[in-house]
Amino acid sequence: MFETALTFQDMMFLAQGAVQTLLVTAIAVVLGTALGIIFGVFRFQVGPWWAAPLTFVLDVFRSIPLLIQLVLANAFLGMVLKLKLSGFTVACGVLTLYTAAYCAEIVRGAIGAVPSTTRRAARSLGMSWRQDMAYIVLPLATRVALPSWIGLALGVMKDSALVYIVQVTELLKSTQILITRLQEPLLLLIICGAFYFVISFPIARFGGYLEKRWSND
Amino acid sequence: MIEIENVRKSFGPLEVLKGIDLTVKKGEVLTIIGGSGSGKSTLLTCINGLEPIDSGRIRVDGTEVHARGTDLNKLRRKLGIVFQQWNAFPHLTVIENVMLAPRKVLGIGKAEAAAIAEKQLSHVGLGDKLDVYPSRLSGGQQQRMAIARALAMSPGYMLFDEVTSALDPQLVGEVLDTLRMLASEGMTMICVTHEMKFAREVSDRVAFFSKGVMAEIGTPQQIFDAPLNAETAAFVKLTQD
Ligand SMILES: Nc1ncnc2c1ncn2[C@@H]1O[C@H](COP(=O)(O)OP(=O)(O)O)[C@@H](O)[C@H]1O
Ligand SMILES: [Mg+2]
């Protein structure tokens, strides 16, 4: 196992895949979270009745397997709308909406967890809706949402492996290509797994650290 | 001056306020007593516009609370309110709790807001708790912090809704002492309370509420010693045993 045909170039190839994974994940998590906050606040604010159409669309993104979403989105954008989008763009777009759908749910729940009596106290002091949101709801809801959000971010990173279907050579796809060529599946999968771990672990630990810090308040 | 004219308010089919008329003058201390569910809390939340009313009128210093163009956020600066539940902002330290509204609502600078907060917190006896988080405070301390937080906005009126009802008995005294102090300083106050001894001591007038109606209002002597209304008499007798 230690006499390997794996070269420096191969490692660079894997690293490029890891960069793709990180890029797609970072874009999807950042944009998806921003959208998710907007959708989540909207859903909480207008109530279940008026939010029903949005809720339905988000449920679609949450219930159809990501692989199918990617294929369908790619086909729809390319063949029906005749847009010349790169696989990377399609992957980021789909993964962003997928993230936003889950994030909206987390945000809605977290806002609901802020006691209405606390919010009423803020409004009684003359704070506007915006100020209540910014200085009371956002910080308190963030504490509630953080564990689920970390889980979502790590999940999106792993799910991002599926974007190979729209021709994005991310980490897992790069690994598969090398496995086919070098016929060393165990070693390559260990390296690939280690990459994922190295990216995830600090995020998970950072989340744990924040939770601990906030629980002291 | 707070002027309440023929205010009616329902929650669905339940009429909670059935035409309340009441005027509170500057410097007056009014306490409201009455059974649970008689509409006392609802009246307070209507006064600061947290709840809409169905008909009638409430004016604070001439501004009609429920009129279309009224800026409620601005109006609420004049009306401090403290509730039964201690509503600390748990993510902020004690001094930050008190500084937040002066800074964000009144636009006061950080140093000045800190000075105001420190002054108000010392006033209610929390000068040594500035930098702790509310979760480290007892219920009585949290309630006094809520009072300081309201006072930091320099309100013209203070509304208290059963602020001692959720406290352990041994913590009630310290909060009532704070209210007594405010009353003696000339603060205009409406206190909803079940503490009859306190009501008798501090009030200029006492109002008795029953089932959405203000059944009787008068001096503490009248209400507690010679009530005119039979329900008031029954309630007072019940609570004084
Ligand atoms: N937000 C609300 N929705 C529906 N009913 C309410 C609401 N708030 C209060 N009520 C009802 O209105 C009545 C009066 O309540 P409240 O003003 O809290 O009485 P008090 O403070 O005198 O105990 C009660 O029957 C209560 O259940
Ligand atoms: Mg009440």
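A, B, ... follow the sequence lines: proteins, then strands. Residue 1 opens every chain. These numbers come from the heavy atoms of this one structure, side chains and all, not from hydrogens, waters or symmetry mates.
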Notebook entry, point to check: At their closest point, which heavy atom of B/P90 faces which heavy atom of A/L140, and how far apart are they?
Noted result: CG-CD2, 3.6 Å
Margin query: To the closest 0.5 Å, what do you measure between OG (A/S124) and CG (B/N48)?
Written below: 5.0 Å
Check: Between CD of B/E51 and CZ of A/R120, what distance do you get to the nearest 0.5 Å?
Finding: 9.0 Å
Next item on the list: Count the heavy atoms belonging to other residues, nucleotides or ligands that lie under 6.0 Å from NZ of B/K74, then report whether that count exceeds 12.
Entry: no
Notebook entry, point to check: Does B/H91 reach the main-chain N or O of A/W214 with its side chain, forming a donor-acceptor pair under 3.5 Å?
Noted result: no
Notebook entry, point to check: How long is the gap from CZ on A/R123 to CZ on B/R76, to the nearest 0.5 Å?
Noted result: 5.5 Å
Notebook entry, point to check: Relative to chain A, which of B/L79, B/I81, B/L100 shows the most heavy atom pairs under 4.5 Å?
Noted result: B/L100
Notebook entry, point to check: Distance from B/K104 atom NZ to A/R130 atom CZ, nearest 0.5 Å?
Noted result: 14.5 Å
Next item on the list: Step by step, work out the side chain to side chain donor-acceptor pair (under 3.5 Å) result for A/S128 and B/N73.
Entry: CA-CA 6 Å; A/S128 63; B/N73 296 329; 4.9 Å; no
Margin query: How close do B/N87 and A/A121 get, counting heavy atoms only, and between which atoms?
Written below: CB-CB, 3.5 Å
Item checked: chain B interface, residue from A/P115, A/A134, A/A122 that has the most non-hydrogen pairs under 4.5 Å -> A/A122
Margin query: With a 6.0 Å cut-off (strictly less than), is the heavy-atom count around CZ of B/F11, excluding the residue itself, greater than 12?
Written below: yes
Check: Taking the side chain from B/Q85 and the backbone from A/T117, do they hold a donor-acceptor pair closer than 3.5 Å?
Finding: no
Check: Quick check: are there more than 12 heavy atoms from other residues, nucleotides or ligands sitting under 6.0 Å from CE of B/M1?
Finding: no
Next item on the list: Heavy-atom distances under 4.5 Å only: say whether B/A88 touches chain A with side chain, backbone, both or neither.
Entry: backbone
Next item on the list: Considering non-hydrogen atoms only, spot the tightest contact between B/A101 and A/L125 and give its length.
Entry: CB-CB, 3.8 Å
